[in-house]
Amino acid sequence: SMDAKISRSRDLSIAHLSQNPFDNVLTLKMLSMFPSECATTLYRDDAGWVCRTEMDAKVSAWDRNEYPRANRIVLLDGNSPSIMGHLLRYRPTDAVVYKVHDPWSRSLLGEDPQFNLVNSFHSYSVTPQANENARPDFPVVERHAHYDDEAAAFFAASGYVAEEFRLHLDRGGRWFAVRENERIASFCLAFQIFERIWEVGGVLTLPEYRRKGFAKAVVSAALGYLHTVNRMPRYQLRDWNSVSRRLAESLGLEPRVIVDHFTNTQR
């Protein structure tokens, strides 16, 4: 048994998660995007708290594509090692993907023969003063707020879900592009994920235009825009993507949080 206070109040969970919104942004994003599909439970003990958020693996299009055999997605956030240990002691009988970013869950799941680490996402952001000197380099970067089929195709080709492009634009998103020969050569989208935290994602350059600094130009323009409207950028990459990592570091972004995905099912 566990000596913890348990609450299913969504507002109380969000209040705890919002104390450190950048680290907990994945859960905050899911709770705001899929309010009725997420079940969240807050556990509190003397050591701290843990929020456990669960949803069907079919809810998010990204999860459907990435984990077609999974039944459930479980997100763990918080700072109590004892509660984390207690929650992870129970063996799931179905196919689960855990998404974790704290040292205790990472270590417990990493040592569990039933689970495999299948994805690791690194989120970068600016230090408060880092973006002051971001200068728009050569190519001209366009900024748009309207829907465009060509831009939507770039967003989808970069690993996102096409139907979310319009949704992000409806919520104030902006897309940035370098155009060559009257077509988009390089693209990215800046969109809200939770309150002041905005993602710079969907970065893609056509193969024939790579190594010209276009991706750096569109991401730099997106960061500059977010800076002027007082938003905190989040730039996320997979751990193996060295090109994306070099781009982030060249723009003065710094690693802030790593989210690991563990599953007991084969992808």
Side-chain angles (χ1 to χ4, degrees), residues 7-42 44 48-55 59-63 73-79 99-102 121-132 134 143-145 147 155 160-161 163-176 188-203 219-237 248 251-259:
S7 163
R8 292 196 166 70
S9 158
R10 177 195 181 78
D11 291 343
L12 197 57
S13 284
I14 289 174
H16 278 72
L17 293 163
S18 299
Q19 289 166 16
N20 193 345
F22 197 92
D23 285 4
N24 304 325
V25 76
L26 177 61
T27 304
L28 290 164
K29 174 186 179 180
M30 291 301 154
L31 288 170
S32 62
M33 276 181 77
F34 307 111
S36 53
E37 290 94 338
C38 291
T40 184
T41 310
L42 183 72
R44 286 171 294 164
W49 61 276
V50 170
C51 178
R52 181 184 188 279
T53 305
E54 184 176 310
M55 56 197 233
V59 167
S60 141
W62 188 89
D63 287 319
I73 307 294
V74 178
L75 304 129
L76 292 176
D77 305 274
N79 58 11
K99 300 185 181 181
V100 301
H101 56 88
D102 66 279
F121 289 95
H122 295 226
S123 285
Y124 284 68
S125 192
V126 284
T127 48
Q129 73 288 355
N131 212 33
E132 298 293 351
R143 182 177 92 214
H144 298 286
Y147 179 84
F155 186 66
Y160 285 83
V161 182
E163 61 259 31
E164 286 179 5
F165 184 56
R166 206 184 289 270
L167 180 82
H168 290 314
L169 293 174
D170 289 345
R171 294 172 64 179
R174 296 285 186 277
W175 58 274
F176 300 81
C188 79
L189 178 73
F191 57 97
Q192 184 181 37
I193 45 176
F194 181 77
E195 293 182 352
R196 279 190 61 234
I197 302 172
W198 281 50
E199 183 104 13
V200 176
V203 183
V219 173
S220 181
L223 293 172
Y225 168 73
L226 293 178
H227 182 68
T228 62
V229 294
N230 193 29
R231 303 288 181 263
M232 178 191 263
R234 172 180 179 249
Y235 180 84
Q236 182 176 261
L237 52 94
L251 288 166
L253 297 173
E254 295 187 344
R256 284 281 303 272
V257 64
I258 298 173
V259 177

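We number each residue from 1, following the sequence as shown. Reckoned from all heavy atoms, side chains included, excluding hydrogens, waters and symmetry mates.
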(request) Describe, in one word, how the ring planes of His16 and Trp49 are oriented to each other, choosing from parallel (under 30°), tilted (30 to 60°) and perpendicular (over 60°). (result) perpendicular
(request) Would you check, one step at a time, whether the test side chain to side chain contact (heavy atoms under 4.5 Å, CB included) holds for Phe191 with Arg171? (result) CA-CA 8 Å; Phe191 57 97; Arg171 294 172 64 179; over 6 Å; no
(request) Write down the atom of Cys38, the atom of Thr53, and the distance for their closest heavy-atom approach. (result) CB-CG2, 4.0 Å
(request) Measure across Arg174 and Ala145 and return the closest heavy-atom pair with its distance rounded to 0.1 Å. (result) NH1-CB, 3.6 Å
(request) Report yes or no: does Ser18 contribute a side-chain atom to a donor-acceptor pair with the main-chain N or O of Ala15 at less than 3.5 Å? (result) no
(message) With a 6.0 Å cut-off on the ring centroids, do Tyr160 and Trp175 count as close?
(response) no
(request) For atom CZ of Arg196, decide whether the heavy atoms of other residues, nucleotides or ligands shown that lie under 6.0 angstrom number more than 12. (result) yes
(message) Measuring only between side-chain heavy atoms, which start at C-beta, is Ile73 closer than 4.5 Å to Ser60?
(response) no
(message) Restricting to non-hydrogen atoms, name the atom on Trp198 and the atom on Gly172 that form the minimum distance, rounded to 0.1 Å.
(response) CH2-O, 3.4 Å
(request) Could you tell me which non-hydrogen atom of Val200 sits nearest to which non-hydrogen atom of Pro233, and how far apart they are? (result) CG2-CB, 4.4 Å
(message) Within the 4.5 Å heavy-atom criterion, are Arg10 and Pro35 side-chain neighbours or not?
(response) yes
(request) Let me know which of Leu28, Thr40, Asn24 forms a side-chain contact (heavy atoms from CB on, under 4.5 Å) with Ser13. (result) Thr40
(request) Before giving the answer on side chain to side chain contact (heavy atoms under 4.5 Å, CB included), spell out for Phe155 and His168 the whole-Å C-alpha distance, their side-chain angles and the decisive distance to 0.1 Å. (result) CA-CA 11 Å; Phe155 186 66; His168 290 314; 3.9 Å; yes
(request) For the pair Tyr235 and Tyr124, name the ring-plane relationship: parallel under 30°, tilted 30 to 60°, perpendicular over 60°. (result) perpendicular
(message) Given 3.5 Å as the limit, does a donor-acceptor pair link the side chain of Arg44 with the main chain of Ser7, or not?
(response) no
(request) Please examine the side chains of Val259 and Val100, heavy atoms only from C-beta on, and report whether any two atoms are closer than 4.5 Å. (result) no
(message) Please identify which of these residues, Met232, Glu254, Arg234, meets the side-chain contact (heavy atoms from CB on, under 4.5 Å) condition with Ser125.
(response) Met232
(message) One pair to check against side chain to side chain contact (heavy atoms under 4.5 Å, CB included): Ser32 and Glu195. What are the steps and the verdict?
(response) CA-CA 10 Å; Ser32 62; Glu195 293 182 352; over 6 Å; no
(request) Report yes if the side chains of Met55 and Asp63 come closer than 4.5 Å at any heavy-atom pair, otherwise no. (result) yes
(message) Could you work out, with salt bridge (Lys or Arg N to Asp or Glu O under 4.0 Å) as the rule, every residue matching Asp23, not counting sequence neighbours?
(response) none
(request) Any chance you could lay out the side chain to side chain contact (heavy atoms under 4.5 Å, CB included) test for Phe194 and Lys29, step after step, and finish with the verdict? (result) CA-CA 6 Å; Phe194 181 77; Lys29 174 186 179 180; 5.5 Å; no
